[in-house]
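Read through the structure below, which is laid out as C-alpha cells, and then see the notes.
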Amino acid sequence: MLAVEHAVLRNRSTGWVAASLAEQIAAKLAGVITLDLVSTGQRLLEQDISEVLEVSRAPVREALRILERDRLVEFQSRRGAIVMAPTSSELQDTFAVRGALYAMLLRQEVESQPVRLKEVFEEHLPRILVSSRESPDAYAGSTFMLNCAMAEMARNRTLGELLLSLSTQTMRYVRLGLVSNPEQLPELEKSWESLYKAVGNGDIDRVIEIAEGRVAKIQDLAVEALKRVEASASD
C-alpha cells in the first residue's frame, strides 16, 4: 500500500509534509483500491469517506478527482465516483502502452545515465529477491517501487509521469495475476537479475528484450486472472 501511496504523491522527496490533505486522502484511497479492499464498480461516497476520515467533503471530492487522473476511479452520471472496472481487453491495451513507454524509458536511461540506473537497481534488487520468497504481495510492492524509482529518474518528465500513472493503474491487476500464479515468482526473480546484468553491461538491446518480455509476462498473468474474474461474475 505504501508503494502506491508514494506513486500517487509522485514520490515527493518531502512526502507527506508537502502533500495537501486531498493528496493524502487520494494516496490512502489508492492503496485501499489496489489491495482490493473495495470492489471494482463500487461507489465511493464522499459523505462516507469524510465521516470515516473526519474531514470535510471538499478535500475528499478533490481526492477522488486525483484518483480519476490515474484512472483508479471514474465519475458516472447520478452515481458519482466508481472504482474503475476495466475489461480484460482494455487492460491488455493499457499494458501495451505501458510496455512501449517502459522500453523507451530504459533506452534513454541506459544511454544517458547508466551509472545512476545501476545504482537504483542495486538499491532495490536485494529487496525484490527477498520479497519473491515471501509472498506475491511483497514481490508486487517491491517491484512497483523499483519501477517508480526508474520513472522518477526520467529526464523527460512527461514520460515519467505517464509511467507512474500506468504503473498505478495496473498494480491492482499485477497483484491479481501474481496471487493467482505464485509459481511464476522464481522465473520473474531471475528476469530481474538478468535485467540488472544487462544494464551493468550497457547492452541496450538486451535490456529492452528482457524488459519487454517481463512486461508481456506480467500482462498475460494479469489479463488471464481478470478473465477468470469476469467469467466468475458472469456465472
Side-chain angles (χ1 to χ4, degrees), residues 2-20 22-23 26-27 30-31 34 65-73 84 86 90-125 127-128 140-174 188 191-192 194-219 222:
L2 286 175
V4 176
E5 291 176 4
H6 285 300
V8 171
L9 292 172
R10 294 301 188 254
N11 286 337
R12 298 183 183 189
S13 59
T14 49
W16 293 100
V17 175
S20 68
E23 289 170 325
T34 299
R65 289 298 181 184
I66 292 172
L67 296 181
E68 184 184 31
R69 172 198 69 189
D70 287 329
R71 295 189 59 76
L72 293 177
V73 304
M84 286 285 289
E90 290 169 339
L91 182 61
Q92 191 163 359
D93 290 342
T94 301
F95 267 106
V97 174
R98 179 186 168 189
L101 294 179
Y102 189 52
M104 184 186 303
L105 175 75
L106 280 171
R107 181 176 295 278
Q108 291 180 1
E109 292 181 347
V110 172
E111 290 176 343
S112 64
Q113 43 187 342
V115 174
R116 176 58 185 143
L117 180 59
K118 189 170 181 286
E119 290 173 347
V120 168
F121 267 88
E122 290 170 349
E123 178 184 351
H124 289 269
L125 190 57
R127 177 56 189 158
I128 290 176
S142 61
T143 57
F144 183 84
M145 288 300 290
L146 173 53
N147 285 328
C148 287
M150 287 191 287
E152 189 70 11
M153 285 176 58
R155 294 185 176 183
N156 182 322
R157 296 311 307 153
T158 299
L159 177 59
E161 289 282 328
L162 285 171
L163 275 168
L164 280 172
S165 181
L166 289 168
S167 294
T168 305
Q169 289 177 44
T170 55
M171 176 61 166
R172 180 175 196 161
Y173 302 98
V174 170
L188 292 168
S191 74
W192 277 115
S194 298
L195 185 57
Y196 168 66
K197 182 178 179 180
V199 166
N201 292 335
D203 188 344
I204 295 179
D205 290 340
R206 181 61 177 152
V207 166
I208 300 304
E209 178 187 358
I210 296 170
E212 289 179 339
R214 286 202 70 265
V215 173
K217 180 67 174 180
I218 291 294
Q219 170 189 300

Worksheet item: Below 4.5 Å, heavy atoms only, C-beta onward: do F144 and T170 meet side chain to side chain?
Response: no
Rounded to the nearest 0.5 Å, the OG1 atom of T143 sits from the CZ atom of R214 at a distance of 6.5 Å
CE (M153) and OG (S112) are apart, to the nearest 0.5 Å, by 7.0 Å
Exercise. Taking the side chain as C-beta and beyond, is there a heavy-atom pair between L106 and I208 under 4.5 Å?
Worked result: yes
**Q.** pair S142-H124: side-chain heavy atoms closer than 4.5 Å
**A.** no
Rounded to the nearest 0.5 Å, the OH atom of Y196 sits from the CD1 atom of I210 at a distance of 13.5 Å
Side chain to side chain contact (heavy atoms under 4.5 Å, CB included) between Y102 and N147: does it pass, once the steps are laid out?
CA-CA 9 Å; Y102 189 52; N147 285 328; 3.0 Å; yes
**Prompt:** Is the side chain of E123 donor-acceptor paired with the backbone N or O of A149 at a distance under 3.5 Å, no angle test?
**Reply:** no
Per side chain to side chain contact (heavy atoms under 4.5 Å, CB included), V207 is matched among N201, L117, V110 by V110
Interatomic distance, CD@Q113 vs CZ@R155, rounded to 0.5 Å, equals 4.5 Å
Run the numbers on K118 and V115 for side chain to side chain contact (heavy atoms under 4.5 Å, CB included), then give the verdict.
CA-CA 5 Å; K118 189 170 181 286; V115 174; 5.8 Å; no
In this structure, CD of E109 is separated from CZ of R107 (nearest 0.5 Å) by 12.5 Å
Within-4.5 Å side-chain heavy-atom neighbours: I218 and L188: yes
Do R98 and Q169 have side chains that get closer than 4.5 Å, going by heavy atoms?
no
Note, R116 side chain near V120 side chain (heavy atom, < 4.5 Å): yes
Is L164 close to C148 at the side-chain level, that is, under 4.5 Å between some pair of heavy atoms?
yes
**Asked** Can you check side chain to side chain contact (heavy atoms under 4.5 Å, CB included) on V174 and F95, steps first, answer last?
**Response** CA-CA 10 Å; V174 170; F95 267 106; 3.8 Å; yes
**Message:** I'd like to know if the side chain of R157 reaches the main chain of A154, judged simply by a donor and an acceptor atom lying under 3.5 Å from each other, with no hydrogens or angles considered.
**Reply:** yes
Open item on the list: T94 vs L166, test: side chain to side chain contact (heavy atoms under 4.5 Å, CB included). Steps then yes/no.
Closed with: CA-CA 7 Å; T94 301; L166 289 168; 3.7 Å; yes
Interatomic distance, CE@M150 vs CG@L163, rounded to 0.5 Å, equals 9.0 Å
I want to check something: taking the side chain as every heavy atom from C-beta on, are V73 and E68 in contact at a cut-off of under 4.5 Å? yes
Whether over 12 other heavy atoms sit under 6.0 Å from R71 CZ = no
- [ ] Taking S165 for its side chain and E161 for its backbone only, find out whether a donor-acceptor pair lies under 3.5 Å.
- [x] no
